[in-house]
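Letters A, B, ... mirror the listed sequences (proteins, then strands); counts begin at 1.
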Amino acid sequence: MPELPEVETIANGVHDRIHGRTIRSVWTSNKPQTFKTPPDQIAEALTGSRVDRVHRVGKTIVVDLSRRRKTMQFLIHLGMTGRLLVSTPDTPIPPHTHAILTLSGGSGGIKELRFVDARRFGRLSITETAYEGPGSEPLTISLEDFIVLFHHRKTPIKAALLNQSLLHGVGNIYADESLFRAGIRPRRQVGRLTRAELGRLRTALVEVIRHAIELGGSSVSDYVDADGVRGFFQLEHRVYLRTGEPCLVCGTPIQRIVIGGRGTHFCSRCQK
DNA sequence: CGTCCCACCTGATTGC
DNA sequence: TGCAATCAGGTGGGAC
């Protein structure tokens with residue numbers, strides 16, 4: 001999936017294109033797995049609602065809606081391959097499209113917000129209470145809270161970074177990239193990391209995420225932002241998907257191992 | 001409860 | 001060329 005930087009890029013792009021518009025009609029596919037809230041309830045909640053704001057919480061895109069003084073949120077989790085496209089109605093509908101919202105009210109005529117998801121790991125839902133997400137935001141958590149979060153855990157640090165109930169928004173790319181930049185091996189037990197190492201990790205994580213947001217995220221395969229334009233952070237990857245290639249710092253071949261079922265890339269010389 | 005592992009899907013790429 | 005194996009940015013649930 002798009003991780004935090006990609007989701008932020010997409011949410012901002014969609015906000016710019018559709019905020020202030022009103023949803024006139026909704027079409028959904030009949031694939032039940034996609035809909036955490038049943039599709040007819042989603043359609044009922046969206047139809048006639050105005051889009052006040054599109055933002056993100058963790059890896060979830062949150063669409064703030066209002067209708068007759070009542071507020072709701074439309075939650076979009078992109079899974080691994082989910083895409084959110086703003087199109088004109090005459091644009092051909094891509095395969096694996098699962099929801100189409102028809103929007104009126106802005107300049108440039110009728111627009112459609114389309115949710116497309118080949119692997120169907122994405123999820124759509126409606127909530128009436130403000131969505132907060134399961135964990136802490138990596139960009140704003142304090143150093144002390146960051147240290148407390150990982151206190152006394154036994155899992156490898158890589159697995160802990162991917163655990164969304166601790167930090168939300170970090171995925172496989174930015175876990176590997178931040179561990180490389182902090183010089184920490186992905187298998188290290190979290191509880192055994194020093195305060196200094198956790199401090200380096202937090203700094204590296206914030207830097208790598210901020211830098212990725214500036215570049216519009218990473219687009220390795222099928223992530224595309226709301227404009228259909230790709231991000232450029234993949235050019236900055238130092239270990240992710242570079243198995244066997246020389247480390248950009250020391251030349252040692254990058255290794256790939258599996259932690260928690262996820263491919264994990266690191267430099268055995270630069271990371272201790 | 002914490003941790004591990006697999007299932008959920010399709011598509012691109014690699015290797016025989 | 002064809003076909004099978006492997007890999008992919010994520011999560012949730014069951015087993016232990």
> Within the pair A/Tyr240 and C/dG9, is there a side-chain N or O less than 4.0 Å away from OP1 or OP2?
Replying inline: yes
>> Just the rounded figure in Å: distance from P of C/dG9 to CD1 of A/Ile259.
In response: 13 Å
>> I'd like to know if A/Glu6 pairs up with A/Lys59 as an ion pair, taking the criterion as any Lys NZ or Arg NE/NH1/NH2 lying under 4.0 Å from an Asp or Glu carboxylate oxygen.
In response: no
> Toward the 5' end of DNA chain C, which comes first, A/Arg119 or A/Leu162, by nearest nucleotide?
Replying inline: A/Arg119
> C/dG10 C1' sits how many Å from A/Asp117 CG, rounded?
Replying inline: 11 Å
> If the P atom of B/dC9 is compared with that of C/dC3, how far apart are they to the nearest Å?
Replying inline: 25 Å
> Is there side-chain contact between A/Lys154 and A/Arg192, with heavy atoms separated by less than 4.5 Å?
Replying inline: no
> Want to settle it: does A/Gly261 or A/Lys36 sit nearer the 5' end of DNA chain C, counting the closest nucleotide to each?
Replying inline: A/Gly261
> Are any of the side-chain nitrogens in A/Arg119 or A/Asp117 under 4.0 Å away from the carboxylate oxygens of its partner?
Replying inline: no
>> From CD1 of A/Ile257 over to P of C/dC7, roughly how many Å is that when rounded to an integer?
In response: 14 Å
> Could you walk me through whether A/Thr28 and A/Phe115 pass the side-chain contact (heavy atoms from CB on, under 4.5 Å) check?
Replying inline: CA-CA 9 Å; A/Thr28 59; A/Phe115 175 68; over 6 Å; no
>> Does this structure show an ion pair linking A/Asp176 with A/Lys158, if we count only N-O contacts that are shorter than 4.0 Å?
In response: yes
>> Between C1' on C/dG10 and CD on A/Glu6, what's the gap in Å once rounded to a whole number?
In response: 13 Å
> Does the side chain of A/Lys59 get closer than 4.0 angstrom to OP1 or OP2 of C/dT11 through an N or O atom?
Replying inline: yes
> Atom CG of A/Leu166 to atom C1' of C/dT11: distance rounded to whole Å?
Replying inline: 14 Å
> Does DNA chain C take part in any stems of at least 3 consecutive Watson-Crick or G-U pairs (both distances under 3.5 Å), and if so, which ones?
Replying inline: B:2-8 with C:10-16, B:10-16 with C:2-8
> How far does the P atom of C/dA5 sit from the matching atom of B/dA7, given to the nearest Å?
Replying inline: 16 Å
> Base, sugar-phosphate alone, or nothing: which one does A/Arg123 contact when heavy atoms must sit under 4.0 Å apart?
Replying inline: nothing
> Say you pick atom C1' in B/dG11 and the same atom in C/dG12; how far apart are they, in whole Å?
Replying inline: 23 Å
>> Base, sugar-phosphate or nothing for A/Gly171? Non-hydrogen atoms, less than 4.0 Å.
In response: sugar-phosphate
> Within the side chain of A/Thr252, is there an N or O that forms a donor-acceptor pair under 3.5 Å with the backbone of A/Arg269?
Replying inline: no
> For the pair made of CD in A/Gln164 and P in C/dG12, what is the distance, rounded to whole Å?
Replying inline: 9 Å
>> Nearest whole Å is fine: how far is C/dG10 P from A/Ile10 CD1?
In response: 12 Å
>> I'd like to know if A/Arg242 and A/Glu177 make a salt bridge, using a cut-off of under 4.0 Å between side-chain N and carboxylate O.
In response: no
> C/dG10 P sits how many Å from A/Asn172 CG, rounded?
Replying inline: 6 Å
>> Is there a side-chain contact between A/Val57 and A/His168 in this structure, where contact means two heavy atoms from C-beta onward sitting under 4.5 Å apart?
In response: yes
>> Return whichever of A/Phe121 or A/Lys154 has its heavy-atom-nearest nucleotide of DNA chain B closer to the 5' end.
In response: A/Lys154
>> At a heavy-atom distance below 4.0 Å, which nucleotide of DNA chain B is the first touched by chain A, and which is the last?
In response: B/dT3 to B/dG11
Would you list the atom pairs, donor with acceptor, under 3.5 Å between side chains in residues 253-263 of chain A and any protein atom, with sequence neighbours excluded?
from, atom 1, to, atom 2, distance (Å)
A/Gln255, NE2, A/Ser268, OG, 3.4

>> Please report whether the ring centroid of A/Tyr174 lies less than 6.0 Å from that of A/Phe233.
In response: yes
>> Pick the closest DNA chain B nucleotide for A/Gly260 and for A/Asn163 by heavy atoms, then say which residue is nearer the 5' end.
In response: A/Asn163
